[in-house]
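Below is one structure; the comments refer to it alone.
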2 protein chains.
Amino acid sequence: MEKLTPRRRRRMQRVTMAEVAQAAAVSPSTVSLYLRKPGQVSPAIGARIAEVVEALGYVPSFVAGGLAAAGSRAVSVIVPTIQNDFFAGTIAALQAMLEPAGFQLLLGNTDYNPSREERLVRTALSWAPAAIVLVGLEHGRGTKRLLLGTPTPVFEIWECGGSPIDTAVGFHHREVGATALRHLAERGRRRLAFLGARMEEDRRARQRADGFTGAAAAAGLTPPLILGTRERASTEAGGRLLAEALAVPGRIDGIACSNDLMALGALFECQRRGINVPGALAVVGFGDLGFSASCVPPLTTIRPPSEAIGREVGRLIQERLGVAEPPDRPGTIDLGFKLVQRRSS
Amino acid sequence: MEKLTPRRRRRMQRVTMAEVAQAAAVSPSTVSLYLRKPGQVSPAIGARIAEVVEALGYVPSFVAGGLAAAGSRAVSVIVPTIQNDFFAGTIAALQAMLEPAGFQLLLGNTDYNPSREERLVRTALSWAPAAIVLVGLEHGRGTKRLLLGTPTPVFEIWECGGSPIDTAVGFHHREVGATALRHLAERGRRRLAFLGARMEEDRRARQRADGFTGAAAAAGLTPPLILGTRERASTEAGGRLLAEALAVPGRIDGIACSNDLMALGALFECQRRGINVPGALAVVGFGDLGFSASCVPPLTTIRPPSEAIGREVGRLIQERLGVAEPPDRPGTIDLGFKLVQRRSS
DNA sequence: AGCAAATTTCGTAGCGCTGCGATGCAAGCC
DNA sequence: GGCTTGCATCGCAGCGCTACGAAATTTGCT
């Protein structure tokens, strides 16, 4: 029984580790060891291997490596949208932490759709990533089941206060809303409104609105007007919602927005209508985006720890690298936020 | 010679395809076939497999699959930065095209650093992606060598006019600059300036500036003032550069910016100084970002085909899926751009 | 020098899956 | 009936690499 047709399989790589080993006159194990832990190989042989790698243009296969090592150097990040400076900042910071360690980011965006989130989590797990990062503490049944059943570390970011699957890194959105309200109250504002985008889907925006309302009650103020829109945050929506708020009887004198982009739109609307900010209307945003410090007037806003979240998660992932067990119990890291007062309030 | 210590290796998966096969009383090949091409398996057996998959919570391993199939369902995307609405839009569109086909995006950002680009390309290739997407036509020596040596399809996006490695999908930035200039000239502006960010690193911003200058010469105008900054585009930088431009003797009456964010900053600066736009100064941006239609005054800008690039690349990747050979010769797809006139000019 | 200990190198057995050809079996044809 | 044809299913040999333990070599110590 001999091979009649020698099976010819499609090859993936041009140069394999075995070829490098042969050219350097060492065993494949040594090449592998050198590539992973150069310190454990004698300098002479190391140099020889390095030379051959360079000469042959060898590129290791993470696919094969991941299979053999039962785990890849990839981190799955699943966010609602990347067209949003909040998450983009976190992702960039995370990437900056992870890149030196040779990690790759696997990106997915759910567009605030739970069933897409589940599909993405499933795909993510198929890659056997070193960790999986997703936004928020609320997930669909199926998603939760998938995540609870995996040994992969799970990081839930940009939210605090619920019960995380593994580790949460974020801050309290209710507290953000309450802070905005207290600030406006301190500035003497009494008739307030909250302008939000995507309030149905974005639980965190809703939490900020709730915190705003709650703090108003605590301060003995008239319940604030809560206005929302289905669309994503934009200056256009901000302008439109402000117009709506102004049309309501009983003149408002202060607003908070779920996003600086909305706040900027409100500022534009004020400019169009000749409303003095902060004289007639105080405006507080959320996000401290690129333009917030230099618009007219500069925007008072609440700065979330976007980059800090990315950095912290990056750090935790590396810390957990070798560790097989998840921590004894789920943990939450509250990174807080900061009110940045500028001239719009 | 018997196994004294039965080698125990770390397992990657909780449930493997073999276990699914056993539970469904079929061979692993059939499970694999069903998962990849359900139509080629009889309905009865297909249903049985589906049931077992669900019951066991089986998640296939793309790592093992990719190794066996010599190629993975991942697409590497390497951009200068994701903190920029331009590229974020392209990535989102690409993701939307690819997600239904089960692809994953591998993201990297170079921060406009060529050596980081090379490192990222190397990492990307290690994943044996179905395609690799990067921004621009200019790459370091090493990067180019890596890309020329791979059978993986390479897409260079957001630029046209050079010689692509494989396929380019973008538009002409020089032409963007020229269009901005011609528009300003038509509106009767004669003393012009161009405000750019990251001009050293961002070749495309430079090309827009060059096109602006070139068209000015062609129109017989005084050579425009070209002002740049090292930092990334921001309203703050836009305001500062406008201040610089206004300080130069010989009053300017029209500006073009390398980015709508810069243009917005210029508008803010005008507002602060009481300069009438477009009366005393016409402003043209680039990007048509979210706020551009609703700022004060609404911004005339040039809209790049951000999403169209993503969609087109997504389409091309799927088209190339089974095909082993790259197209006969490199190709370029010019998606054009559009001047959107609003009230700032 | 002689021996134990430490360090460096190697051989081998998979990781979980897919592609290829083979096999079995029912249907179609002369 | 004997033959081909077509279809569904199966068996097996890897894909390229890493973990593990063992072998070979060097080092340290008396």
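Computed from a predicted model, the values in this text were never measured in an experiment. In the text below, chain A, chain B and the rest are named by the order of the sequence lines, each starting its count at 1.
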Can you see if the side chain of [X] gets near the phosphate of [N] - specifically, an N or O under 4.0 Å from OP1 or OP2?
{"X": "Arg36(B)", "N": "dC17(C)", "value": "no"}
{"X": "Thr30(A)", "N": "dC10(C)", "value": "yes"}
{"X": "Ser61(B)", "N": "dC17(C)", "value": "no"}

Rounded off to whole Å, could you give me the [atom1]-to-[atom2] distance for the [X] and [N] pair?
{"X": "Phe62(B)", "N": "dG16(D)", "atom1": "CZ", "atom2": "C1'", "result": "20 Å"}
{"X": "Met17(B)", "N": "dC15(D)", "atom1": "CE", "atom2": "P", "result": "19 Å"}
{"X": "Glu19(A)", "N": "dC17(D)", "atom1": "CD", "atom2": "P", "result": "9 Å"}
{"X": "Gln22(A)", "N": "dG16(D)", "atom1": "CD", "atom2": "C1'", "result": "15 Å"}
{"X": "Trp127(B)", "N": "dG16(D)", "atom1": "CH2", "atom2": "C1'", "result": "14 Å"}
{"X": "Leu67(A)", "N": "dC15(D)", "atom1": "CG", "atom2": "C1'", "result": "9 Å"}

Just compare [options] and give me whichever is closest to any side-chain atom of [X].
{"X": "Ala68(B)", "options": "dT18(C), dC10(D), dG16(D)", "answer": "dT18(C)"}
{"X": "Ser32(B)", "options": "dC17(C), dC10(C), dT18(C)", "answer": "dT18(C)"}
{"X": "Ala69(B)", "options": "dG19(C), dG16(C), dC10(C)", "answer": "dG19(C)"}
{"X": "Leu33(A)", "options": "dC10(C), dT9(C), dC17(C)", "answer": "dT9(C)"}
{"X": "Tyr58(B)", "options": "dC17(C), dT18(D), dC10(D)", "answer": "dC17(C)"}

Could you pick out which residue, Arg14(A) or Val31(B), lies toward the 5' side of DNA chain D when each is mapped onto its nearest nucleotide?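 In this pair, the answer is Val31(B).
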With nearest nucleotide decided by heavy atoms, which residue, Gly66(A) or Ser29(B), maps closer to the 5′ end of DNA chain D? Ser29(B)
Note, Thr167(B) side chain near Thr332(B) side chain (heavy atom, < 4.5 Å):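 When only atoms from C-beta onward are counted, Thr332(B) and Thr167(B) do not touch, as no gap falls below 4.5 Å.
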Counting any heavy atom closer than 4.0 Å, what does Val63(B) reach on the DNA or RNA strands: base, sugar-phosphate only, or nothing? nothing
Which is true for Tyr34(A) with a 4.0 Å heavy-atom rule: it touches a base, it touches only sugar-phosphate, or it touches nothing?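 It contacts nothing in the nucleic acid.
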Just do the side chain to side chain contact (heavy atoms under 4.5 Å, CB included) check on Ile78(B) and Thr110(B) with the steps written out, would you? CA-CA 7 Å; Ile78(B) 298 171; Thr110(B) 64; 3.4 Å; yes
List in chain and number order the residues that pass ring pair (Phe, Tyr, Trp, His ring centres under 6.0 Å) with Tyr34(A), two or more places apart in sequence or in another chain; answer none if no residue qualifies. none
For the CZ atom on Arg36(B), are there more than 12 heavy atoms of other groups (residues, nucleotides or ligands in this structure) within a distance under 6.0 Å?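 Above 12, so yes.
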Could you list the protein-to-nucleotides 4-8 of chain C atom pairs, N/O on both sides, closer than 3.5 Å?
none

Hey, are Arg311(A) and Glu307(A) close enough for a salt bridge, meaning a charged N less than 4.0 Å from a carboxylate O?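 Salt bridge: no.
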Residues Val75(A), Leu106(A); criterion side chain to side chain contact (heavy atoms under 4.5 Å, CB included); working and verdict: CA-CA 6 Å; Val75(A) 172; Leu106(A) 285 161; over 6 Å; no
Do Arg320(A) and Asp166(A) pass the side chain to side chain contact (heavy atoms under 4.5 Å, CB included) test, and can you show the C-alpha distance, the side-chain angles, and the key distance before you say yes or no? CA-CA 12 Å; Arg320(A) 282 256 213 117; Asp166(A) 174 342; 2.5 Å; yes
Considering all heavy atoms, the nearest Glu159(B)-Gly136(B) contact: OE1-CA, 3.4 Å
